[in-house]
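Sequence lines set the chain letters: A, B, ... in the order given, protein chains first and strands last, and positions in each chain run from 1.
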Amino acid sequence: MHQAEIILNEKVAHSIYLLRLRANKVAEGANPGQFLHVKCTKGPHPLLRRPFSIAGAHREEGTADIIYRVVGEGTSILSKKRPGEVLDIMGPLGRGFPLPLPGTLPLIVGGGVGVAPLLFLAKELNKAGLVGRAFLGFSTAREAFGKEIFETCGFSVELTTDDGTHGKRGFPTELLEDYLKSEKKVKAIVYACGPRMLLLKVKEIAVSFGILAYLSLEERMGCGIGACFGCAVKSAKGGYKKVCWDGPVFEAGEVEIW
Amino acid sequence: MHQAEIILNEKVAHSIYLLRLRANKVAEGANPGQFLHVKCTKGPHPLLRRPFSIAGAHREEGTADIIYRVVGEGTSILSKKRPGEVLDIMGPLGRGFPLPLPGTLPLIVGGGVGVAPLLFLAKELNKAGLVGRAFLGFSTAREAFGKEIFETCGFSVELTTDDGTHGKRGFPTELLEDYLKSEKKVKAIVYACGPRMLLLKVKEIAVSFGILAYLSLEERMGCGIGACFGCAVKSAKGGYKKVCWDGPVFEAGEVEIW
Amino acid sequence: MVDLSVKIAGICLKNPVMVASGTFGFAREYSRMFDVNELGAVVTKGITLLPKEGNPPPRLFETTAGLLNSVGLENPGVEGFIRDEWPYLKTLQVPVIVNIAGETVEEYRRITQCLSPLEGISALEVNISCPNVEKGGMAFGRHPDSAYEVVRAVKEQSPFPVIAKLSPNVSDIREIALAVEEAGADAVSLINTILGMAVDVEKKRPVFKRVFAGLSGPAVKPIALRMVYEVYEAVRIPVIGMGGIFSWRDAVEFILAGASAVAVGSAIFSDPVAPLKIIRGLEDYAARNLQTRISDLVGLAHRNAAEF
Amino acid sequence: MVDLSVKIAGICLKNPVMVASGTFGFAREYSRMFDVNELGAVVTKGITLLPKEGNPPPRLFETTAGLLNSVGLENPGVEGFIRDEWPYLKTLQVPVIVNIAGETVEEYRRITQCLSPLEGISALEVNISCPNVEKGGMAFGRHPDSAYEVVRAVKEQSPFPVIAKLSPNVSDIREIALAVEEAGADAVSLINTILGMAVDVEKKRPVFKRVFAGLSGPAVKPIALRMVYEVYEAVRIPVIGMGGIFSWRDAVEFILAGASAVAVGSAIFSDPVAPLKIIRGLEDYAARNLQTRISDLVGLAHRNAAEF
Ligand SMILES: Cc1cc2nc3c(=O)[nH]c(=O)nc-3n(C[C@H](O)[C@H](O)[C@H](O)COP(=O)(O)OP(=O)(O)OC[C@H]3O[C@@H](n4cnc5c(N)ncnc54)[C@H](O)[C@@H]3O)c2cc1C
Ligand SMILES: Cc1cc2nc3c(=O)[nH]c(=O)nc-3n(C[C@H](O)[C@H](O)[C@H](O)COP(=O)(O)OP(=O)(O)OC[C@H]3O[C@@H](n4cnc5c(N)ncnc54)[C@H](O)[C@@H]3O)c2cc1C
Ligand SMILES: Cc1cc2nc3c(=O)[nH]c(=O)nc-3n(C[C@H](O)[C@H](O)[C@H](O)COP(=O)(O)O)c2cc1C
Ligand SMILES: Cc1cc2nc3c(=O)[nH]c(=O)nc-3n(C[C@H](O)[C@H](O)[C@H](O)COP(=O)(O)O)c2cc1C
Ligand code: FES
Ligand code: FES
């Protein structure tokens, strides 16, 4: 738990904000896929913290980013915070994306604000000398973000929108499938974050192509550190796993998404 | 109920703020002693509106003022509002101070933030060609406010503080009593607002000197318009009166303050 | 066009949004602020046989997202009501439901007799759930037998439909609902306030002179909703749902849980036109969900729960 | 210097602030964040005889100033607890209270037997109030006879003091408190969560698969406080108060209402060090009020209520 100063809190797309925090511990220790558990108010309502994936960590500046979509009370309060204000955060928490084995091509699949942790991942892959492909989907053009960052990291980026206003009309999982079909011999690993339907589809594709996929899941969270059993996801082996502690990133085969 | 734009929200003394609203209806219709019922947040908590006396109405500018002390959640939220934001208000509500009969000397007794409605009263008395004396009490020097305004309205002002850091050490009711003792023949009317102890003392003094006193009372409020029976004050005739509807200003003999 | 009308206890409401007893006075107060004829129905403050002083202040205390009240049924008595309040109420173009309370079964019977001649009353709401009085009130609503007795007595005298207003301060609200249904109630309304309290940490004593008070407001909504859901499954008479309704979303939750109509109470203090906003919100919701009649939504959560 | 220590059920706590079962895991999780030895006592997640999977997601849902949970007692079972959690817990320098639950009286008896050999357990907290399981749990806590039976069975087997954790979902919590006192409970703790629910208005069905869930958090505080006040008057054994405690002020309210100790639950999710802040707040409060012993404040609101 620390009090982190807000450096920046800016709209990057329609109802999507980037929030930058001065947070040395996060900047130094965070892995892509981990999250911050953020207190939106001091008061008793909304009671719970809100989890957000870390979208970037800048070790030199001692800062870290989250990118969030305004969907309800907590994120709406967040969007009104100004630089200079202080945010109470816990983290980095959870288990992030494992780096690919040498010689494996990273394929990134992101949907909507689920692109956030994948930006951080792309940067870290790039630092490790790895580049790959990114398939990104958004509802509509004005909600798209992040393309340039993937490109800066050396990724080739393909985009879809649900309504066809930007990139191809359709879903990024279709691009993934097409790519895998066309590149049969490639040894790939998939990293995905986005709506449940997207994750489900990625899992299906990974199974059918026999490749490894890592999915970042979402579940409502209480404690964020494994103490309350609130963030259960069905384990493939029976019983439940904790999204906050065993995840949020899981190998697709570990969990039952639906 | 109207949405009033905030023009100004400034500290005027330690933990005391003046908030100016663009509110034509209030500016035109308000009488001193009436109050506004203010919604501090859009959300469900704090649930209730907060009542504040009208501290001034500027008909020409179409604006009205309240002066509030930050004591809890609601007023703390209020103090963070900025000019340009909009406040949801009900009012002017309640029954204010009746003007004095001709030839009667108005004596004003205010304690702490209770001085707020009396500022408005002094201005209206002045407009009506009436001036008098004001006895104001504060806990300590840095919480004092309003003296100059009474003076501008032609009132002679005497001050007390509980700790003697400004004006006389003691309470404004002592000044009132001293004054009435020294000016036996004066035909006076007392207007008071402040903590319960002050009102009680004013009532006692009024009774013992046989003069009329009007007191502005406080009670926790729900509806603010006489519908919920929440803001009861014991009536001298038995039963209860509603502070929001029958008051907040009562002739001292109408109500039992303790 | 969405048809918002609902029928409860033989009364037709043009929309399912009423105001909760005790939070809307006798309608006249709020009629100065907006057109109360836009409401689905008006429910009056609780009326007793004789005038009632009510409890000493403080009577209200805010808690986190909730409100404790200890008004103690202050009201002008049935005669005062008929003399001072009814003349205005009877001019309304929406159903007027009169909320009644008593200390004995006999009092409930007599107040019903006094009100019987008033043409234009749409229904009586029998308050067997007020926690803020020394005698009667909630005491009746906590046991099936006494609840039965009171409702039976009112029903026997009343030319109007009878709605029984239930107390949430019970182990099993279905038992009470079944008892009042058996007694002839035409509908049930729930919940009344939940028994709560607050302590003044400076004075080191309870905030209220009567120690306990009734909790209402958004804080209680999940509890109220659960009880509506339970009662809907237990009885065949319509359910009027209330307790913490603040937005149209809350109202929809109650309707899906089984409420044929809803009442807005404490939220009115925050926003007097909350009921009107809720009506509009319901209309939009129904339209968005391709429902032509709001009444088709009543209890839908039960059917969908079975499938999930 | 204020003496914050209190004694409950024969256990000495260096301060009256514990954590509530189920919100603090097995202490190890939070020990990574702060020194849990600063707490008055640690209470574990509820343990059952056999491992329990718990309920399908979603398990949590936020309401206005409250939290609905349907965790369903997921836990590793008593053996798993002894193997995986106890080794850490026994190293703590503060009292450890183990919360237990069962579907039958026999299960409560057997789990008590399994735990009996563990030296270092300070007390058992008998959960007869969990609303999130199919069998047992709250069912026991809603009737004086079954509450008596469970507590009696545990008490007979237990070498440790026994705390009975009461359900608020009853008409009269004093009846249950009296029954467990009679059964030999050394203390009572209250409240567990209140039965509530939420409806998903888009999916038009209950949010939780089990429909009902348990409400906790600031929303329930006035109700919890009232029950503590009631129970304090009814029984002679000490009362541990909980339900919505968020700040030191809330804790003081519970203590004045009759709680010898308090537990912080949901607030920990908002602020993991809330219990520590509350301890400091209590200390300041007591000092400001010229109390040298916090225990002198217990129940003070009752004495002061009589005079006002
Ligand atoms: C590991 C993880 C990482 C996430 N990363 C991001 C991210 O990078 N960017 C982003 O925009 N969103 C992210 N989310 C989702 C984000 O947490 C929710 O959008 C946010 O909590 C909504 O809060 P609200 O108050 O605005 O909405 P509310 O009005 O409270 O609710 C809107 C919806 O958000 C979900 N939600 C609310 N509270 C929680 C909670 N405590 N835990 C989980 N879900 C909740 C609920 O499903 C709810 O229906 C992530 C979630 C998880 C679990
Ligand atoms: C007719 C009237 C006129 C007032 N005029 C002024 C004024 O001009 N300036 C000023 O600073 N204050 C005024 N007050 C008091 C002001 O309403 C309270 O200070 C304010 O409501 C506190 O809100 P809070 O949320 O900051 O404090 P909280 O934390 O809620 O409570 C602090 C205290 O304020 C009181 N309070 C809270 N809610 C209400 C309510 N709905 N109605 C009445 N009292 C409440 C309670 O006694 C409480 O103990 C007036 C009160 C009344 C009844
Ligand atoms: C100030 C106040 C007064 C009330 N008076 C009555 C009453 O006279 N009769 C009654 O049956 N219910 C009364 N109630 C209960 C409400 O009608 C309603 O059942 C309860 O407040 C829950 O709804 P809410 O959360 O929307 O307020 C009163 C509630 C409040 C807050
Ligand atoms: C997520 C969660 C899990 C809980 N698990 C248990 C449990 O296992 N055993 C138990 O007796 N109470 C359990 N409770 C109830 C709490 O211990 C406590 O009684 C209740 O939450 C009220 O306190 P609060 O409002 O401070 O949270 C749980 C509560 C929550 C929120
Ligand atoms: S959020 Fe508490 S265990 Fe995951
Ligand atoms: S505040 Fe409702 S009657 Fe005065």
Per-residue contacts, residues 32-57 of chain D versus chain A, heavy atoms under 4.5 Å: R32(D), M33(D), K45(D), E53(D), G54(D), N55(D), P56(D), P57(D)
Quick one: does E219(A)'s side chain have a donor or acceptor within less than 3.5 Å of a partner on P58(D)'s backbone? no
Looking at side-chain heavy atoms only, is the closest gap between L60(D) and M221(A) below 4.5 Å? no
Please give me the minimum heavy-atom distance between Y30(D) and C223(A), naming the atom from each residue. OH-CB, 3.2 Å
At what distance, to the nearest 0.5 angstrom, does CZ of R49(A) lie from OG of S270(D)? 6.5 Å
Given that the side chain runs from C-beta out, which part of F24(D) has a heavy atom under 4.5 Å from chain A: side chain, backbone, both or neither? backbone
Can you tell which part of M90(A) gets under 4.5 Å to a heavy atom of chain D, answering side chain, backbone, both or neither? side chain
For chain D, the option from E73(A), K39(A), H37(A) that forms the most heavy-atom pairs under 4.5 Å: K39(A)
State whether the number of non-hydrogen atoms from other residues, nucleotides or ligands found under 6.0 Å of M197(A) atom CE is greater than 12. no
For the student: nearest non-hydrogen atoms of L48(A) and E62(D), plus distance: N-OE2, 2.8 Å
Are more than 12 heavy atoms from other residues, nucleotides or ligands located less than 6.0 Å from atom CH2 of W248(D)? yes
Counting only heavy atoms not in E79(D) (residues, nucleotides, ligands), do more than 12 fall under 6.0 Å from its CD? no
Greatest number of heavy atom pairs closer than 4.5 Å to chain D - which of G238(A), P46(A), G226(A), C228(A): C228(A)
Are P218(D) and H45(A) side-chain neighbours, meaning at least one heavy-atom pair lies under 4.5 Å? no
Distance (rounded to the nearest 0.5 Å) between F269(D) CZ and L47(A) CG: 8.5 Å
The side-chain hydrogen bond (donor to acceptor under 3.5 Å, both in side chains) partners of S216(A) (sequence neighbours excluded) come to none
To the nearest 0.5 Å, what is the distance between CD1 (I225(A)) and CD (E29(D))? 6.5 Å
Take N69(D) and F229(A) through the test side chain to side chain contact (heavy atoms under 4.5 Å, CB included) and record every step on the way to the result. CA-CA 10 Å; N69(D) 92 77; F229(A) 297 93; over 6 Å; no
What part of I268(D) is in contact with chain A, defined as an atom under 4.5 angstrom from a non-hydrogen atom: side chain, backbone, both or neither? neither
Rounded to the nearest 0.5 Å, what separation is found between the CZ atom of R59(D) and the SG atom of C231(A)? 8.5 Å
Between T23(D), T63(D), T64(D), which residue shows the highest count of heavy-atom pairs closer than 4.5 Å to chain A? T64(D)
Under 4.0 Å between a side-chain nitrogen and a carboxylate oxygen: does that hold for K242(A) and E74(D)? no
